[in-house]
Structure formats: structure tokens, C-alpha cells
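Encoded as C-alpha cells, the structure appears first; notes follow it.
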Protein chains: 2
Amino acid sequence: MSAIPILTDKRINNTRRALTNALIALTLEKGYDALTVRDISERAGIGYATFFRHFSDKDSLLTEVLEGTLGEFLELIQPVLNDPERTVTLVFEHVKQNSDPVRVLLRTRNVSPLLPRIFAFSSQAMLETLKPNPKSLIPPEIAAHHMIVSILELIEWWLEHEMPYPPEHMGKIVNALIMQPARKLAFLER
Amino acid sequence: MSAIPILTDKRINNTRRALTNALIALTLEKGYDALTVRDISERAGIGYATFFRHFSDKDSLLTEVLEGTLGEFLELIQPVLNDPERTVTLVFEHVKQNSDPVRVLLRTRNVSPLLPRIFAFSSQAMLETLKPNPKSLIPPEIAAHHMIVSILELIEWWLEHEMPYPPEHMGKIVNALIMQPARKLAFLER
DNA sequence: GACTTTTGAGACATTGTGTATCATTTCTCG
DNA sequence: CGAGAAATGATACACAATGTCTCAAAAGTC
């Protein structure tokens, strides 16, 4: 008779890690849509049927990877939300150190509903922090959405161009080009 | 004996139009990735095999739709490139009148390489028009990319929220929030 | 109205998905 | 260390979707 199944079987951890690594590598090599479960399990060095013992399908594996990536992001920005300049630089540093999973995240936008949910969540958080200027031409939802999404677009540009400027420089650019104009135009001074 | 085959057979035009309409409608209903060729041909009211007499596959049909949509865009903005404010408003008016195909364009980003190509092309055009400020913190490629991409993100937001503000208002917002800051920060006064 | 071309319908080979089975390997825990 | 439990690999299978092909019928052109 045995105890309740344990969560730390080496074999399980190994195959799951092999699968996530294979998914990331292959997505960057030939694109997520072009991948088959066979491609992934071959690259991971596991049997085809074994794949389905861990994930119900390809999208399920992707979700696992993306949720991990996004979770790290949220933890990262939580404590420093009050200091925008510092936060932005921190984000670029984190992206640099995790560039592969972030690239996957950005290349699978249409597949996963995670990114839109993050946009909504972040915009909401921003609207609760800043006070809208009632006389502004620009609705606060638009300003908040613009800030979030434009930062992400700049991250994408930066990754696709092999990160030609250091994170601090990108932080300054983002603040000058996006954050400061949006705050000045749509919100009241704090 | 007959003449050279003619390009205006009613049957051909009808099936092609039915297919493009079906693709647009179904993509908005359940997403492009979830569609099968059978779905599309059923909705279009044509036989399954007939689909392949016009398009080699699903992506090929999508490309036809997107190229038409993008072609109209390029024609639209070509004559008025010198007047940014007017151009932006014009773009929003055009989007309003063609919202379904534009929605499809935005929802199939990962599938089609057309949008990235448009980004590159537009950025290039912008860089040839404006004079970079050599003393600026912000590289001109980043400023140009930011302008193009942010406008598109705002169009996407506008469409997803059922176009709550008129095109002129959106034009003013885009100019204040995106165009003017980017020009002021990264380029020399003209 | 004769002739040409497109269409619809069905059969077919091929590829990928997800499930099931069973012998073998690998791990955990006492 | 060694017994029992659990995960794995290999294979076979049913199913769904793709893209090709053929032929009779329908709809176009001139």
C-alpha cells in the first residue's frame, strides 16, 4: 500500500521540462502554428503518446509556458508600481534575461487569450492609481491602454532587433515617448 | 473555335465573392484558426472541391482578402501623407466604413506576413520624410515604428469597443498622444 | 442554340490528432 | 538495497481535415 501520489517524481519533471524547452525552441525556429505534437515530442526526446499524459493538446502546453512567463512578470512589477521609470527599466532587464519565452509570448498572441487579459488587468490597475483629468481630450481608458500596449510593442521591436540598446536606455525612451506624454495629457499631476 | 478565355465569367466572380464574404464572416464569428475549408465552402454555398479550384488553401484565400484591404489603405493615405492630422482622421473614417475586413486583418496578425511588411514600408516612408534630431535620446527608427504601430493599436482598441468616438476625435487623440510627442522628441522641426 | 467552362458530388490517399494497450524502464519509499 | 508503484516507449487504432481526381450536370459565353 502506498501513500498519496507524490509531486516530485524525477521522470515527470524531466519530461515536462523537456517539452516546454522543445516548444520554446521550435516556436522560435519555425513558428507555433507549423508545429505538430510529433515535432515537439521528437525534439524533447520523448514518445508521442507520452505527450498526452502531460498535456491535453499543443495549446495546453503553450498555456503552461505562457502562464509561467506572465506570472514572473506580475511578481516583478508588483512591488515597484509607484515608480514608473524604475519599473519600465526593470521590465526590460527581465525581458533581456528571459528573451526566449517572451518572444514566444509575443509570437502567439492570436492563439492565447492571456495577453489581452493582462492588458485589461494592467489598464485597470493604472486607472485606479492615476486621477483622470476631466477636461482632457483623451479618455483615460485610451491613455491607459495606449501606455500598456505601446510598451509591449517597443519590447517586441527591441527583441526583434536583437536588443541594440541597454535596458536603461529603453526605459528612458519609453518614459519620454509614451509615459510622460500620456500622463501629462490625460491625467492630473499627482 | 473560341477566343482567348475571358476573365469575367459570372460564375467565377460569384464563387470568389461568396468565399471571401464567408471567410470574413466566419473569422469574426469563431476565429480564423478554428475554421476549416469545409466550414468556409458550406457558408459560401459552394462545393468543397470547388474551393481548391480558386485557392490553393485557406491561407491563400485570406491573403486575397488582406491584400485587397491593405491596397485600399495604401491608396487612401498616399495623396495626403504631408498632412498628418488629416491623414489620421481619414484612416479612421476608412476603418469605420470597412470595419469587418479590418477586424480580420487585425485578428490574423500571426498568420499573415502582410502587416509586418506594411510596418516596415510605412516606417521607411516616414524616415525619408522627417529629419532625425541627432541630439535626441530616441533613435528615429524607434520613433517611426512607435507611431505606426501605436496608431494601429488604437484602431484595434476602437474597433473592439464598437467605435465609441467619431473619427475626427480619434484623429485628435492620435495626434496629441502619439504623433506630436514623437515628432517633437525625435525629429527636427520642419 | 451550339460550344466551352465551371460546378457539385463522391471516392481517394495522406497527414495529424487523441486514445488505448502492454511490456519495459525508472523512480520512490520502507 | 529491494519490492512495489508509476511513468515511459512503441504500436495500433478511430477519427477529422486536407488536397487531388473524375465525371455528369448546370450555367455561362459568343
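In what follows, chains carry the letters A, B, and so on, assigned in the order in which the sequence lines appear, proteins first and then strands, with residues in each chain numbered from 1. The structure presented is a predicted model; accordingly, all values stated were derived computationally and were not measured.
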Can you identify which nucleotide, out of [options], has its nearest atom closest to the [X] side chain?
| X | options | result |
| --- | --- | --- |
| A:Arg11 | D:dT20, D:dA6, C:dT17 | D:dA6 |
| B:Tyr48 | D:dG19, C:dA20, C:dT17 | D:dG19 |
| B:Thr15 | C:dT7, C:dA20, D:dT20 | C:dT7 |
| B:Arg53 | C:dG8, D:dT29, D:dT18 | C:dG8 |

Test item: B:Ser136 side-chain N/O and B:Pro132 main-chain N/O as donor-acceptor pair under 3.5 Å: no

To the nearest angstrom, how far is [X] atom [atom1] from [N] atom [atom2]?
| X | N | atom1 | atom2 | value |
| --- | --- | --- | --- | --- |
| A:Glu42 | D:dA10 | CD | P | 11 Å |
| A:Ile12 | D:dA5 | CD1 | P | 16 Å |
| A:Ile46 | D:dA7 | CD1 | P | 14 Å |
| A:Arg17 | D:dA7 | CZ | P | 17 Å |
| A:Phe52 | D:dA10 | CZ | C1' | 15 Å |
| A:Arg38 | D:dA10 | CZ | P | 12 Å |
| A:Asn13 | D:dA6 | CG | P | 16 Å |
| A:Lys58 | C:dT17 | NZ | P | 7 Å |

Exercise: do B:Asn13 and B:Arg16 side chains pair donor with acceptor under 3.5 Å: no

Verify the contact: side-chain N or O of [X] to OP1 or OP2 of [N], cut-off strictly under 4.0 Å; return yes or no.
| X | N | value |
| --- | --- | --- |
| A:Thr50 | D:dG9 | yes |
| A:His54 | D:dA7 | no |
| B:Thr36 | D:dA16 | no |

Centroid-centroid distance, B:Phe92 to B:Trp158, less than 6.0 Å: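 They qualify: ring centres under 6.0 Å apart.
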
Closest-nucleotide 5' rank along DNA chain C - winner of A:Ala49 and A:Val37: A:Val37

Along DNA chain D (nearest heavy atom to each residue), the more 5'-positioned of B:Asp57 and B:Asn14: B:Asp57

Touch class at under 4.0 angstrom, heavy-atom based, for B:Phe51 against every strand present: nothing

Cation-aromatic face contact A:Lys58/A:Phe51, 6.0 Å, 45 degrees: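 Not flagged: A:Lys58 not positioned over aromatic ring of A:Phe51.
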
Heavy-atom side-chain proximity of B:Leu28 to B:Arg107 below 4.5 angstrom: yes

